[in-house]
J.: 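Provided herewith is a single structure, encoded as structure tokens, for subsequent inquiry.
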Amino acid sequence: MAFSNGGSLMETDNHKKREGEGEDEEEDPFLAFIEYARSVISPEEDEDPSGNEEGYNGAGWSWIASRILKTCISYSSGVTAAILLSDLSQAWSEQRRVGGSKKRPEIIDQMKRKHRRAKLPNTVTIDSIYEKNFLSLSSVLEAVVVDAHVLPGTNIYMLTLGDYWSSNTIDLYLHRRYYDLVDPPNGILKKAREIFLTGCYLRTAKEGCGSPRLLPTEYLVILLDEDLDDDAILIGAQFCSDSFSSISHDGVKNGVSYSLIESISSLEILEQCGGLQRKQITLVDNDGVKLRFLLWNEQVILANLISVGSMLALDRPYIAIAAESALETSDEFCLEYGTATQLYLVPFVQHEEQVCLSSTQNRTQGSKLHAAADPTQGPKVSQVSLPCDSQGSIDFSNYPFQLFVADLHGKMTGISLYGVVRDVFRERETAGVIFLLKLEDSTGSIWAKLHFSQSWSLGRVSVGHTAYISGLTCSKTKQDRFELSWCETDDGASFINLSCLPALVNSSCLHKLSRLSDLSSRRNSMHICRVWIDQVDHCHVTTRFSHAPCGHFVKEMPSGAVECSFCHCDCDSEVVMRAFYLKLTLADKNTKIFAWCTGQTAMELLQISPDEFYELSEDEQVMYPSSLENERFIVALVNCKRLAVHGSRDSQTPEADAVSWEITRALKCE
């Protein structure tokens with residue numbers, strides 16, 4: 001897949017092309033730190049020495065960015081490079097299980113080379129079981145049989161299990177329903193066989209054995225590999241003779257055993273009137289005939305072991321005749337997990353798509369830090385392998401490098417973007433809560449649809465703010481255009497407004513101090529400046545009411561109702577609070593600018609709450625700003641003036657009036 005824009009909702013600016021800008025363009029300190037952190041926790045020896053990162057095992061760009069921002073949120077007073085690198089290193093070590101492969105059984109190391117299957121959602125590792133001394137019944141183990149043996153002096157079978165991510169192994173007491181599958185020499189449950197299991201109880205070392213063991217579970221699925229001769233023969237001999245059309249009333253009543261293998265079409269949870277929980281798995285055969293496989297009550301955890309797109313083989317399923325049962329279905333038969341049923345799975349493997357890096361990544365992947373160390377070293381990587389689902393969508397959540405607007409293409413998921421908000425407003429002619437946000441980076445801009453379950457939940461976001469958004473999906477519309485979508489409830493979805501992040505102004509490792517004179521030449525960036533309050537006689541302070549969830553001012557409608565100017569929702573039943581609207585002059589040694597702010601930032605500058613200020617007399621309110629003259633602060637400044645481009649509704653935010661600069665954060669200097 002090669003990156004190209006095609007017709008899209010993107011607006012790429014030829015003047016912003018990154019070619020030739022490497023020396024003149026001021027590098028964003030936040031982006032520079034991400035690259036530096038990546039070089040520390042994912043050194044280049046993790047890469048394929050051939051330069052093809054097909055086996056890339058390092059930290060993705062978005063993982064590092066998200067982790068840094070998460071730490072900044074936790075340390076609201078500010079962070080240092082040491083704090084960030086320590087947290088990143090520890091988190092990455094836990095994720096990678098560094099050094100575990102030295103003790104991992106050799107058979108697993110051999111199998112790991114061709115392991116390409118994505119983890120199931122509830123999967124836990126054997127190492128984590130040892131660390132926590134705990135295992136929930138809904139947890140999934142994706143295990144490899146390292147050994148199968150009989151406990152001396154008994155007829156109890158024990159499986160020694162390992163996994164691809166752990167150095168430890170753990171023993172499982174095998175449930176008796178699977179004994180016929182482990183009986184040597186032809187048993188299928190033997191060394192190197194992959195299995196999924198859930199519903200396991202953990203017998204800890206304190207309860208009588210020298211090390212933790214897993215007690216028997218009925219909920220076990222055996223994995224088959226069509227590329228292995230033995231498995232292909234088993235599939236053909238045992239499961240291909242029966243089909244849905246071969247199931248008959250007479251056969252069911254006469255106790256005929258069926259063995260079926262079909263594709264998993266969908267999974268859904270249903271509730272029976274009697275309060276019984278059931279999960280319905282829809283299976284489809286080669287002729288397109290569908291049949292339901294039902295799991296009841298505690299059996300529903302079996303669904304944790306399978307995924308849509310996989311092939312499920314059922315040996316001796318219980319077959320329920322719908323007319324003779326209480327099942328509310330139009331189907332003639334339904335399959336159930338009976339006492340003799342055994343399940344096999346040919347898992348859906350996410351195919352990896354070779355993604356060629358665009359010129360954007362080839363220019364940016366070698367950070368200036370690396371270039372300084374070795375100016376002659378050019379880009380080493382030309383392509384990476386990324387997971388691709390059954391619909392052809394490619395997951396970029398672990399992409400090694402930063403994605404830019406110019407890199408976006410259809411059928412991309414797990415996208416993370418970093419840029420400046422150029423416009424944001426609510427889409428009012430649609431059902432649900434949807435906002436449109438225009439994000440711009442150094443290669444262009446694009447509109448994204450933000451979907452909320454109930455209401456806006458991201459705090460104050462406005463024009464000029466710098467944002468990091470993860471969990472985006474890019475798709476092609478009916479008009480043959482690309483558009484982004486984001487849903488707050490999706491896995492991996494986050495939205496962080498860096499301009500309003502309290503830690504940023506006091507974290508020197510993530511910003512570079514600017515002079516006020518720099519603002520005129522770099523109007524599209526966020527600036528951190530050391531300033532003082534000047535010309536207090538021109539300071540303008542008022543209080544207004546704002547909508548707490550979004551931080552924007554409310555207005556009274558002709559009907560008397562109070563409406564948020566941003567969310568366009570009725571605020572009578574919502575939280576409305578008094579907030580400052582402050583316009584003042586900031587100065588440094590060379591320049592002065594006029595700026596405005598509201599919310600917590602205005603409180604930091606005025607050092608008083610809006611309610612306390614409102615209680616002052618009119619004369620005291622007029623005189624109050626004079627007490628702040630020459631007070632020194634570190635502030636974050638953004639250009640809140642909308643660009644005069646197609647799609648913008650006016651030239652600036654309603655709060656800004658004629659003021660071009662917004663103060664988004666402020667910290668008083670001691």
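This one's a predicted model, so the numbers in the text were calculated from it and none came from an experiment. One is the number of the first residue; the rest follow in order along the sequence.
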J.: Indicate yes or no for a side-chain donor-acceptor contact from Asp490 to the backbone of Ala493 under 3.5 Å, with no hydrogens or angles considered.
T.: no
J.: In terms of ring plane angle, is the pair Phe566 and His552 parallel, tilted or perpendicular, where the classes change at 30° and 60°?
T.: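 Phe566 vs His552 ring planes: parallel.
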J.: Salt bridge between Arg67 and Asp87, side-chain N to carboxylate O under 4.0 Å?
T.: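 Judged by the 4.0 Å cut-off on N to carboxylate O distance, Arg67 and Asp87 do form a salt bridge.
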J.: Regarding Glu488 and Ser453, is there a side-chain donor-to-acceptor distance under 3.5 Å anywhere?
T.: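 Indeed, the side chains of Glu488 and Ser453 share at least one donor-acceptor pair under 3.5 Å.
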J.: Less than 3.5 Å apart, any donor N or O on the side chain of Asn497 or Tyr468 sitting next to an acceptor on the other?
T.: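 No.
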J.: When you measure from the side chain of Asp441 to the backbone N and O of Val405, does any donor-acceptor pair fall under 3.5 Å?
T.: yes
J.: Under a 3.5 Å cutoff, is there a donor and acceptor pairing between the side chains of Thr585 and Asp534?
T.: no
J.: Tell me, do Phe33 and Tyr36 make a side-chain contact under 4.5 Å, heavy atoms counted?
T.: yes
J.: One pair to check against side-chain contact (heavy atoms from CB on, under 4.5 Å): Ile68 and Phe30. What are the steps and the verdict?
T.: CA-CA 10 Å; Ile68 289 173; Phe30 176 72; 3.9 Å; yes
J.: Using a 3.5 Å distance criterion without hydrogens, assess whether the side chain of Ser507 forms a donor-acceptor pair with backbone atoms of Cys509.
T.: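 No, Ser507 side chain to Cys509 backbone: no donor-acceptor pair under 3.5 Å.
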J.: Can we say Glu662 and Arg460 salt-bridge, meaning some charged N sits less than 4.0 Å from an Asp/Glu carboxylate O?
T.: yes
J.: Ignoring hydrogens and geometry beyond distance, is a side-chain donor-acceptor pair present between His465 and Ser499 at under 3.5 Å?
T.: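 Distance-only check fails for His465 and Ser499.
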J.: Under a 4.0 Å N-O cut-off, is there an ion pair linking Lys668 with Glu604?
T.: no
J.: Ignoring hydrogens and geometry, is there a side-chain-to-backbone donor-acceptor pair from Ser470 to Gly492 under 3.5 Å?
T.: yes
J.: Checking ring pair (Phe, Tyr, Trp, His ring centres under 6.0 Å) for the pair Phe435/Phe452: CA distance, chi angles, key distance, verdict?
T.: CA-CA 8 Å; Phe435 284 77; Phe452 298 88; 5.7 Å; yes
J.: Would you say Ser62's side chain and Ser397's backbone share a donor-acceptor pair under 3.5 angstrom?
T.: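 Yes, the answer is positive, given that a donor and an acceptor are paired below the 3.5 Å cut-off.
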J.: Think Arg578 forms a cation-pi with Tyr614, using NZ or CZ under 6.0 Å from the six-ring centre and within 45 degrees of its axis?
T.: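 Ring-cation test returns yes.
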J.: Look up atom OG1 in Thr598 and atom CZ in Phe580, then write down how far apart they are to the nearest 0.5 Å.
T.: 9.5 Å
